[in-house]
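Just below is one structure, and these are the notes that go with it.
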Amino acid sequence: MKPLDRVLLKSEQILDLKEEQTQIDAALAPTNPFRNKISKPQLMHQRRKAIDKQLEDFAPAPLDGHEKDKLANLEKELRAAWTNNMPTEEEMRKNPAGMVDRHRKWEKLNKKIIGQWKNVRRQLEPDSDDPDLANIERYRPSGVMDRLVAGAQISGAMNYRTIPQENWDTAFEGKKPENTALEQAKRVRREMSEEDKDRARRNLARARELKRQQAEQAQQVAPEPAVSEA
């Protein structure tokens, strides 16, 4: 188990270092026909040792069962600590008054334990290629997204999408609202007689024909463009 105050290497960083190791070994191998043409092989040897040291100090080490259990419990404790009073997604997006200072204060207060948490996450899953393995945004509270915050930079809008259907059924006794604009339009259409519907269709057809005739007349009286004399 590595100390919790270290910034451990990510999976892709470890792969890059190991690939560089392989390239250096291939270049310095006795079987390399171009080995004698390397101008400063001592620098390559130094780089090889530096990579070994970097991997030894900052790459997650294999854990036994006891260490994994200990780190798993620690991960939950640290996450519970830094998510306490963490600004929500709604607050970060809408940015109400004082939100920037509050975020900075929270970030300063939790910077150390967030670093420890990232360290623990990478030790628990050293082979993970998930770019968000140690991303705190995965655990940011969402907040109430469907409300109006008048004093915010982005005020948002009030809606009722998150209200469960059973609440609507209870409020309206199992009936849908009867006086919405859509329901009013449906009632008007149902109440029209066939004669009224036929009259409405004729009126619509006459209006379209009148509009067509007006467009043709406008084209006929349009002045011809002036032609300049050569």
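We count residues from 1, following the sequence as given.
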Just by modelled atom types, is the [Y] backbone N or O under 3.5 Å from a matching donor or acceptor in the [X] side chain?
{"X": "Gln123", "Y": "Lys2", "answer": "yes"}
{"X": "Asn84", "Y": "Ala80", "answer": "no"}
{"X": "Arg48", "Y": "Ile24", "answer": "no"}
{"X": "Glu67", "Y": "Asp64", "answer": "yes"}
{"X": "Thr83", "Y": "Met86", "answer": "no"}
{"X": "Arg121", "Y": "Ala134", "answer": "no"}
{"X": "Asn119", "Y": "Pro3", "answer": "yes"}

Please report the interatomic distance [atom1]([X]) to [atom2]([Y]), rounded to the nearest 0.5 Å.
{"X": "Arg122", "Y": "Ile14", "atom1": "CZ", "atom2": "CD1", "answer": "9.5 Å"}
{"X": "Thr88", "Y": "Asn85", "atom1": "OG1", "atom2": "CG", "answer": "11.5 Å"}
{"X": "Met92", "Y": "Arg102", "atom1": "CE", "atom2": "CZ", "answer": "10.0 Å"}
{"X": "Asn73", "Y": "Lys68", "atom1": "CG", "atom2": "NZ", "answer": "14.5 Å"}
{"X": "Gln54", "Y": "Ile51", "atom1": "CD", "atom2": "CD1", "answer": "7.5 Å"}
{"X": "Leu74", "Y": "Leu4", "atom1": "CG", "atom2": "CG", "answer": "6.0 Å"}

Can you confirm whether more than 12 heavy atoms, excluding those of [X], are under 6.0 Å from its [atom1] atom?
{"X": "Arg104", "atom1": "CZ", "answer": "no"}
{"X": "Lys10", "atom1": "NZ", "answer": "no"}
{"X": "Gln42", "atom1": "CD", "answer": "yes"}
{"X": "Arg208", "atom1": "CZ", "answer": "no"}

Could you report the tightest heavy-atom contact between [X] and [Y], atom names first, then the distance?
{"X": "Pro60", "Y": "Pro126", "value": "CB-CB, 3.7 Å"}
{"X": "Trp106", "Y": "Ile114", "value": "CH2-CD1, 3.8 Å"}
{"X": "Ala81", "Y": "Ile113", "value": "CB-CD1, 3.7 Å"}

Could you check if a side-chain atom of [X] sits within less than 4.5 angstrom of a side-chain atom of [Y], using non-hydrogen atoms only?
{"X": "Leu55", "Y": "Gln21", "value": "yes"}
{"X": "Val100", "Y": "His103", "value": "no"}
{"X": "Lys40", "Y": "Met44", "value": "no"}
{"X": "Val120", "Y": "Glu77", "value": "no"}

Going by an N to O cut-off under 4.0 Å, is there a salt bridge joining [X] and [Y]?
{"X": "Glu137", "Y": "Arg140", "result": "yes"}
{"X": "Glu89", "Y": "Arg93", "result": "no"}
{"X": "Arg212", "Y": "Glu216", "result": "yes"}
{"X": "Lys105", "Y": "Asp101", "result": "no"}

Joint hydrophobic cluster, [X] plus [Y], side-chain heavy atoms closer than 4.5 Å:
{"X": "Ile136", "Y": "Tyr139", "answer": "yes"}
{"X": "Leu124", "Y": "Leu133", "answer": "no"}
{"X": "Leu63", "Y": "Leu78", "answer": "yes"}

Legend entry - Side-chain donor-acceptor pair present, Glu209, Gln213, cut-off under 3.5 Å: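 The criterion, which ignores hydrogens and geometry beyond distance, is satisfied for Gln213 and Glu209.
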
Inset, instruction - Verify side chain to side chain contact (heavy atoms under 4.5 Å, CB included) between Asn135 and Asp130, making sure each step is shown before the conclusion. - result: CA-CA 10 Å; Asn135 187 350; Asp130 183 0; over 6 Å; no

